[in-house]
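These notes concern the structure reproduced below.
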Amino acid sequence: MAKSQPSDLQTIDLLGNDVEFGVRRSSEATKPRIDVDIHGVTVIIPNSVDVQPTKVLRENAAWVVEKQHDFERYREDIPDRTFEEGEMFPLLGTERELVIEPARSHSVTDTSIQLRKSTVEQSTVKQVLENVYRREARDYFTKRADFYAQEMGVEYGKITIRNQRTRWGSCSTTGTISLNWRLVMAPPEVVDYVVVHELAHLQEANHDDMFWSLVAEYDPEYEDHAQWLEEHSTELIFSEEDL
């Protein structure tokens with residue numbers, strides 16, 4: 001079942017700070033949670049739970065305010081890229097030069113992302129580049145998920161590539177692993193952390209001690225990787241237009 005979109009924004013006073021937030025009902029969530037990112041604050045409520053989002057926010061007021069302030073600072077790190085030949089774009093943590101040239105197909109090397117000129121002329125550089133990133137993301141995420149699923153002794157259903165607004169990944173009750181294509185811009189070890197995190201949910205639904213012990217077994221430095229993702233999330237976009 002598709003997730004509903006966040007409701008119209010509301011405002012609440014948290015520790016003297018006016019905080020705007022949206023509310024989203026989810027069939028996949030097992031308990032209420034709060035997502036805070038560069039876009040704002042969203043309270044996710046399971047369809048089966050009757051709880052006031054303002055109650056959830058007040059119970060986590062200090063955390064919400066701290067995270068919101070963090071993202072306000074992160075906005076200063078938003079890349080100012082253009083979609084022109086010679087611009088640099090990250091892929092798996094490595095900056096690569098955008099090249100547009102006559103070719104039979106798009107290709108990626110250790111130093112460049114090469115787009116087929118005729119395809120760009122029929123669309124836009126940004127759209128074609130996103131398509132290449134999505135292709136690379138699906139291939140790479142599938143390889144890493146297959147590797148870790150075997151290591152962890154779990155089976156997932158399939159991988160879907162999304163452009164999620166507030167999350168890098170999710171795991172449905174049916175075993176579908178959804179990953180944000182922009183994650184492929186991050187270093188490989190950070191990608192692995194997200195993959196392990198989502199696969200771990202196939203054994204432990206909640207973020208309890210058993211869950212984090214399982215994650216740590218396959219990514220001992222998961223705290224550093226999670227912190228990197230939080231601090232560098234604004235860099236994993238093409239430009240400010242994507243916010």
Take Thr11 and Val19 through the test side-chain contact (heavy atoms from CB on, under 4.5 Å) and record every step on the way to the result. CA-CA 5 Å; Thr11 303; Val19 176; over 6 Å; no

Derivation and outcome, side-chain contact (heavy atoms from CB on, under 4.5 Å), residues Thr109 and Arg96: CA-CA 8 Å; Thr109 72; Arg96 306 180 197 228; 6.0 Å; no

Applying ring pair (Phe, Tyr, Trp, His ring centres under 6.0 Å) to His225 and His197, what does each step give before you reach the verdict? CA-CA 11 Å; His225 299 152; His197 183 119; over 10 Å; no

Go through the steps to decide whether Val64 and Leu15 satisfy the test side-chain contact (heavy atoms from CB on, under 4.5 Å), and finish with yes or no. CA-CA 10 Å; Val64 171; Leu15 305 179; over 6 Å; no

Does the side-chain contact (heavy atoms from CB on, under 4.5 Å) test come out yes or no for Val195 and Leu179, once each step is laid out? CA-CA 8 Å; Val195 170; Leu179 297 170; 4.3 Å; yes

Start with the C-alpha gap between Phe141 and Trp181, add the side-chain angles, then the distance that decides, and say whether ring pair (Phe, Tyr, Trp, His ring centres under 6.0 Å) holds. CA-CA 9 Å; Phe141 295 165; Trp181 67 266; 10.0 Å; no

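Two different hydrophobic clusters hold Met210 and Leu199 under the rule that ILVMFWY side chains link at heavy-atom gaps under 4.5 Å. Under the 4.5 Å side-chain contact rule for hydrophobic residues, Tyr218 and Val215 share a cluster. Cluster annotation: Val154 is connected to Val196 through the hydrophobic network of ILVMFWY side chains, with a link wherever side-chain heavy atoms come within less than 4.5 Å. One hydrophobic cluster, built from ILVMFWY side chains closer than 4.5 Å, holds both Leu236 and Leu92. By the rule that hydrophobic residues join a cluster once side-chain heavy atoms approach within less than 4.5 Å of another member, Val108 and Val184 end up as members of one cluster.
Arg162 places none of its side-chain heavy atoms less than 4.5 Å from the side chain of Asn180. The shortest distance between side-chain heavy atoms of Met185 and Leu91 does not fall below 4.5 Å. Here the side chains of Pro102 and Ser118 are not in contact, with every heavy-atom distance at 4.5 Å or above.
Using a 3.5 Å distance cut-off with no hydrogens or angles, the side chains of Gln114 and Ser107 do pair a donor with an acceptor. In the model, Asn131 has a side-chain atom that pairs as donor or acceptor with a side-chain atom of Gln127 under 3.5 Å. Side-chain N/O atoms of Glu66 and His69 include no donor and acceptor closer than 3.5 Å. There is no side-chain donor-acceptor pair under 3.5 Å between Gln227 and Glu223. Tyr156 and Asp146 share a donor-acceptor pair across their side chains, judged by distance under 3.5 Å alone. Side chain to side chain, Asp110 and Thr94 fail the donor-acceptor criterion of an N or O pair below 3.5 Å.
The CG atom of Leu57 lies 11.5 Å from the CG atom of Asp13; values are rounded to the nearest 0.5 Å. Atom CD of Glu97 and atom CD of Glu87 lie 9.5 Å apart (nearest 0.5 Å). Atom CH2 of Trp168 sits about 7.5 Å away from atom CZ of Arg182, to the nearest 0.5 Å. With rounding to the nearest 0.5 angstrom, the CD atom of Glu95 is 13.0 Å from the OG atom of Ser112. Atoms CD and CG, on Glu189 and Leu229 in that order, are 11.5 Å from each other to the nearest 0.5 Å. In this structure, Ile161 CD1 and Arg134 CZ are separated by 8.0 Å, a value rounded to the nearest 0.5 Å.
Under a 4.0 Å N-O distance rule, the pair Asp35/Arg33 qualifies as a salt bridge. Glu130 and Lys126 are not joined by a salt bridge, as no carboxylate oxygen comes within less than 4.0 angstrom of a charged side-chain nitrogen.
Listed here is the closest heavy atom pair of Val23 and Gln10: CG2-NE2, 3.9 Å. When all heavy atoms are compared, the tightest approach of His106 to Arg116 is ND1-N, 2.9 Å. Between Ile177 and Cys171 the shortest heavy-atom distance is CD1-SG, 3.6 Å. Pairing each heavy atom of Ile44 with each of Ser26, the nearest pair is CG2-CB, 3.7 Å. The two residues His207 and His201 make their nearest non-hydrogen contact at NE2-NE2, 3.3 Å. The heavy-atom pair separating Pro53 from Val43 by the smallest distance is CB-CG1, 3.9 Å.
Within a 6.0 Å sphere centred on CG of Asp209, heavy atoms belonging to other residues, nucleotides or ligands number 12 at most. Within 6.0 Å of the CG atom in Asp50, the count of heavy atoms belonging to other residues, nucleotides or ligands does not exceed 12. Summarising the local packing, CD of Glu85 is surrounded by more than 12 heavy atoms from other residues, nucleotides or ligands at distances under 6.0 Å. The neighbour count for Met88 CE, taken as heavy atoms of other residues, nucleotides or ligands under 6.0 Å away, is above 12.
A donor-acceptor contact shorter than 3.5 Å is absent between the side chain of Asp139 and the backbone of Glu136. Without hydrogens or angle criteria, Gln203 side chain to Met152 main chain gives a donor-acceptor distance under 3.5 Å. With hydrogens and angles ignored, the 3.5 Å screen pairs no side-chain donor or acceptor of Thr176 with any backbone N or O of Ser172. Not a single donor-acceptor pair under 3.5 Å links the side chain of Asp224 to the backbone N or O of Tyr222. Between the side chain of Asn60 and the backbone N or O of Val56 there is at least one donor-acceptor pair closer than 3.5 Å.
Checked against the 6.0 Å centroid threshold, Tyr193 and Trp228 do not count as a close aromatic pair. Taking the ring centroids of Phe89 and Phe238, they lie under the 6.0 Å cut-off. Aromatic ring centroids of Tyr133 and Tyr140 lie 6.0 Å or more apart.
Every residue two or more places apart in sequence or in another chain that forms a side chain to side chain contact (heavy atoms under 4.5 Å, CB included) with Trp63 is listed here: Ile34, Val36, Lys67.
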